[in-house]
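As structure tokens, the structure follows; a few thoughts come after it.
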4 protein chains.
Amino acid sequence: MVNRRRAPRTDTAPPFRADDGRWQELLEIAARIFARKGYRSTTLQDIADEFGVLKGSLYHYIRSKDDLLFEVVRSVFSTGLDNLRRLAGSEHDPVERLRAVIRGHVLYLIDNLVETTVLLHEFDQLSDERRAEIPIREYQTIIAGLIADAKADGLVKPDVDPQLAALAVLGAANWVYRWFRPGGGRMPEEIANQYADMLVDGMLVRGELRPASGLR
Amino acid sequence: MVNRRRAPRTDTAPPFRADDGRWQELLEIAARIFARKGYRSTTLQDIADEFGVLKGSLYHYIRSKDDLLFEVVRSVFSTGLDNLRRLAGSEHDPVERLRAVIRGHVLYLIDNLVETTVLLHEFDQLSDERRAEIPIREYQTIIAGLIADAKADGLVKPDVDPQLAALAVLGAANWVYRWFRPGGGRMPEEIANQYADMLVDGMLVRGELRPASGLR
Amino acid sequence: MVNRRRAPRTDTAPPFRADDGRWQELLEIAARIFARKGYRSTTLQDIADEFGVLKGSLYHYIRSKDDLLFEVVRSVFSTGLDNLRRLAGSEHDPVERLRAVIRGHVLYLIDNLVETTVLLHEFDQLSDERRAEIPIREYQTIIAGLIADAKADGLVKPDVDPQLAALAVLGAANWVYRWFRPGGGRMPEEIANQYADMLVDGMLVRGELRPASGLR
Amino acid sequence: MVNRRRAPRTDTAPPFRADDGRWQELLEIAARIFARKGYRSTTLQDIADEFGVLKGSLYHYIRSKDDLLFEVVRSVFSTGLDNLRRLAGSEHDPVERLRAVIRGHVLYLIDNLVETTVLLHEFDQLSDERRAEIPIREYQTIIAGLIADAKADGLVKPDVDPQLAALAVLGAANWVYRWFRPGGGRMPEEIANQYADMLVDGMLVRGELRPASGLR
DNA sequence: AATGAATGAGTATTCATTCAT
DNA sequence: AATGAATGAATACTCATTCAT
């Protein structure tokens with residue numbers, strides 16, 4: 001799961017954040033309801049009810065509703081980006097790196113389904129200032145970079161545009177939040193592997209096709 | 001663009017639809033604002049402003065805000081589905097059919113970017129009853145069917161799960177609404193072709209790889 | 001009474017202001033309650049109750065609570081300033097002009113007691129932008145100008161600083177809103193005349209004292 | 001500055017006033033913010049921030065927000081009234097007494113600008129009970145008494161109403177809180193002297209005009 | 001003395017919807 | 001078809017006050 005950071009991040013924030021456990025709990029509740037109903041359709045009353053306080057009391061933890069969205073989004077984004085960067089630097093073979101990245105991205109998304117749903121579906125609802133704080137294009141940049149590397153090695157079809165291919169990869173992977181439900185009979189590993197194979201194989205030159213074997 | 005059908009769609013409708021041109025205009029305005037701000041963040045005031053009437057006057061055209069969303073979604077969905085079905089029945093070769101479907105789906109999405117954005121992003125905001133009226137799973141069913149056909153012909157890798165592959169295809173294609181902007185320098189044909197090639201090639205057995213030639 | 005202007009004055013104001021009578025009524029009610037309880041202590045509920053609508057309905061007439069304060073203040077200020085300017089240009093003798101101005105200012109204040117109370121007591125509660133729209137220093141400038149004129153004619157004691165004397169005059173006159181109550185037994189004319197005589201005589205050189213006679 | 005008295009003033013007080021220095025500090029902070037923003041626009045949070053505690057902790061010093069206002073007002077009022085009474089009993093000549101009182105009142109006001117601002121501007125915000133504890137009319141009574149004395153001696157114009165003249169004097173003097181700012185280039189003595197001369201001379205019969213000499 | 005969490009009543013504001021004209 | 005006034009329920013947010021620790 002997402003290893004969330006310390007809570008306070010704004011200058012004139014509510015005094016302290018002594019009880020970090022409670023803050024984490026609030027974030028989780030907010031994320032869950034945002035994911036289920038959408039940010040705009042979620043009321044602070046919804047959140048307060050589940051948190052077990054009166055709605056006004058939420059302002060001990062937040063300064064605005066937008067705060068909650070931002071914090072959920074920022075947290076899952078930055079951990080996810082760290083994850084992606086780590087994977088993108090792991091393997092030696094660029095194609096394997098790409099596979100690892102896609103697999104890892106899908107697994108992270110499923111592992112943090114609630115938060116990634118909020119990130120992917122409600123990103124536009126952030127205020128302009130806060131949206132600007134989140135370098136959302138990084139995902140695309142990293143993946144396109146890997147594809148370009150593999151292309152430079154002659155492993156990727158020459159007519160593949162790395163940016164476009166990266167968008168296809170991200171689209172396929174990110175879309176998972178729209179249909180995956182835990183307990184729905186589909187194993188995360190299965191999804192991650194099939195997606196990685198299909199998307200990577202789709203851009204490779206034929207001779208470079210790895211035996212699509214069963215070892216995974 | 002979507003060739004929208006007749007307007008009335010419910011039995012207990014008010015004395016609507018006298019001026020069908022105005023109704024179409026209203027739908028287009030609503031779709032545009034829904035796409036830009038999100039359904040929940042759009043007020044009837046926003047729509048009325050652009051439509052050039054007072055917000056109360058909108059109720060000569062609709063019975064509820066939900067009406068507008070439903071009508072936009074239903075319209076773009078059903079035309080899109082017709083489109084997909086036509087494409088899925090066109091070619092003789094199942095692999096070519098699949099390619100044609102992906103290409104056609106991407107082109108339709110870009111051609112109707114505003115409306116598909118609303119469909120894809122705001123579908124969950126529909127009331128349960130109205131959501132049930134839209135067989136959203138059909139897209140997946142059709143595409144999975146084509147993949148299964150190709151797999152039956154031995155053209156698709158045996159470890160490919162058609163449903164999962166269909167979800168990957170749909171994800172990649174649908175995601176386009178998140179990043180495509182007209183005038184952004186990317187040609188719809190280019191996107192459609194690259195997506196079709198990459199996604200189809202990714203699931204084929206190696207020998208079946210068609211030369212990624214230039215006839216498109 | 002204050003001859004208030006047309007209501008709409010902001011770009012994105014509520015649609016129209018067809019029923020101007022109702023708008024005037026709202027302004028009067030708001031002024032009355034602001035005068036009685038203070039701006040900050042007045043709730044829109046208070047105003048709505050007296051206006052006979054639900055509080056949300058007030059937003060057909062205003063865009064914010066601040067709007068109401070501004071409109072009351074702007075209106076009574078600008079009419080009052082017109083009045084002062086007219087008086088300051090009426091008489092030929094600078095000393096008589098000054099007397100007329102003081103008398104007229106006091107009478108205007110009493111005549112528009114509710115609105116001037118709001119102006120004088122709640123001016124600081126306006127937002128910075130709106131406060132800047134009201135040239136509140138004009139009163140002082142005009143009166144100091146008259147005093148300087150009279151001083152130039154040798155009618156005013158040489159050690160009188162016109163700005164300071166103007167502030168004394170304004171203070172005495174403005175303070176009336178703090179104690180005057182209609183029906184309190186004091187006639188507006190009596191107050192206006194006594195104030196004018198006392199304040200003007202206090203700054204004149206002795207020989208210039210007009211017979212403080214009884215014709216007023 | 002105001003030499004404030006002992007803190008406890010009500011019988012049913014909480015275990016207050018242990019640290020009288022802190023209490024004085026709190027009063028000064030509260031007065032300053034009340035003067036700047038107005039009582040109603042000041043939050044306990046504002047005060048707590050400047051006092052350096054959490055807002056809940058203020059209740060170790062006060063029983064209610066109203067307490068703070070009352071204490072500031074009561075303190076500056078009673079010291080000011082003592083001051084006025086002393087001045088009103090000092091000189092032998094009633095006219096000189098009046099001059100001394102006006103001068104002294106203006107100087108006291110400027111010397112205690114923050115507190116007098118709160119007294120003069122926020123008096124009405126006190127609860128009815130607490131307002132009743134402050135004999136605010138005393139100022140007027142004392143000054144009107146002095147004027148009546150001088151009038152009885154034939155020094156004041158016969159058509160001067162002592163009460164009305166007292167209100168004019170108080171208005172001019174009290175209004176100083178609305179415009180005086182320390183460092184604004186105006187000396188307190190200058191203001192006090194000019195006000196005293198102007199206001200007193202304005203009510204005297206002509207022959208009684210004292211040479212506006214320099215001994216002050 | 002002070003904290004920090006919570007209360008509860010309120011406060012301006014929003015907005016889909018209604019309806020008489 | 002459209003207006004404009006109003007509704008009513010909700011909505012984010014505020015703030016004086018309480019209280020266990």
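In what follows, chains carry the letters A, B, and so on, assigned in the order in which the sequence lines appear, proteins first and then strands, with residues in each chain numbered from 1.
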Without decimals, in angstroms, what is the distance between [X] [atom1] and [N] [atom2]?
X	N	atom1	atom2	result
C:F51	F:dT7	CZ	P	10 Å
A:I47	F:dT11	CD1	P	12 Å
C:K37	E:dG10	NZ	C1'	13 Å
A:L58	E:dG8	CG	C1'	14 Å
C:K65	E:dG10	NZ	C1'	12 Å
C:D49	F:dT7	CG	P	12 Å
C:D20	F:dG4	CG	P	14 Å
D:I62	E:dA1	CD1	C1'	15 Å

Should [X] and [Y] count as side-chain neighbours, where that means a heavy-atom distance under 4.5 Å?
X	Y	answer
A:Y39	A:H121	no
B:D46	B:I29	no
D:L26	D:L58	yes

Next item on the list: Please step through side chain to side chain contact (heavy atoms under 4.5 Å, CB included) for the pair C:T43 and C:I47, ending with a clear verdict.
Entry: CA-CA 7 Å; C:T43 70; C:I47 295 171; over 6 Å; no

Check: Quick one: is B:R63 getting a side-chain N or O under 4.0 Å of the E:dA16 phosphate, OP1 or OP2?
Finding: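 False: B:R63 side-chain N/O out of range (4.0 Å or more) of E:dA16 OP1/OP2.
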
Notebook entry, point to check: Can you check whether B:Y61 has a side-chain N or O nearer than 4.0 Å to OP1 or OP2 of F:dA2?
Noted result: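 So the side chain of B:Y61 is within the cut-off, an N or O lying under 4.0 Å from OP1 or OP2 of F:dA2.
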
Checklist line | Nearest to side-chain heavy atoms of C:S64, which nucleotide of E:dG4, F:dG8, E:dT13 | finding: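 From the listed options, E:dT13 comes nearest.
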
Next item on the list: Kindly indicate whether a cation-pi arrangement holds for C:R22 with C:F51, taking the cut-offs as under 6.0 Å to the six-membered ring centre and within 45° of the axis.
Entry: yes

Note to self: Do A:K65 and A:F34 form a cation-pi contact, if we require the NZ or CZ to be under 6.0 Å from the six-membered ring centre and within 45 degrees of the ring's axis?
What the structure shows: no

Note to self: Going by side chain to side chain donor-acceptor pair (under 3.5 Å), name the residues that satisfy it together with C:S57, two or more places apart in sequence or in a different chain.
What the structure shows: none

Item checked: By side chain to side chain donor-acceptor pair (under 3.5 Å) - contacts of A:D66 (at least two apart) ->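 With sequence neighbours excluded, A:D66 shows a side chain to side chain donor-acceptor pair (under 3.5 Å) to A:R130, given in chain and number order.
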
Next item on the list: Represent DNA chain F in dot-bracket notation, 5' to 3'. Only Watson-Crick or G-U wobble pairs with both distances under 3.5 Å count; pseudoknot-style crossings use [ ] and interstrand partners use |.
Entry: .||||||||||||||||||||

Item checked: Within residues 39-46 of chain C, residues whose heavy atoms come under 4.0 Å of DNA chain E -> C:T42, C:T43, C:L44

Margin query: By nearest heavy atom, map D:D66 and C:V53 onto DNA chain F; which one lands nearer the 5' end?
Written below: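 Nearest-nucleotide comparison on DNA chain F picks C:V53.
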
Next item on the list: Enter the distance from B:Y61:OH to B:E25:CD here, rounded to the nearest 0.5 Å.
Entry: 8.5 Å

Margin query: Taking side chain to side chain contact (heavy atoms under 4.5 Å, CB included) as the criterion, tell me which of C:L68, C:L69, C:L27 meets it with C:I62.
Written below: C:L68

Enumerate all atom pairs, one protein N or O and one N or O from nucleotides 19-21 of chain E, separated by less than 3.5 Å.
none

Item checked: Position toward the 5' end of DNA chain E (nearest nucleotide), A:L54 or C:K55 ->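 In this pair, the answer is A:L54.
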
Next item on the list: Applying salt bridge (charged side-chain N to carboxylate O under 4.0 Å, His left out), name anything that partners C:R40, two or more places apart in sequence or on another chain.
Entry: none

Checklist line | Side-chain donor-acceptor contact under 3.5 Å, C:E115 with C:S75 | finding: no

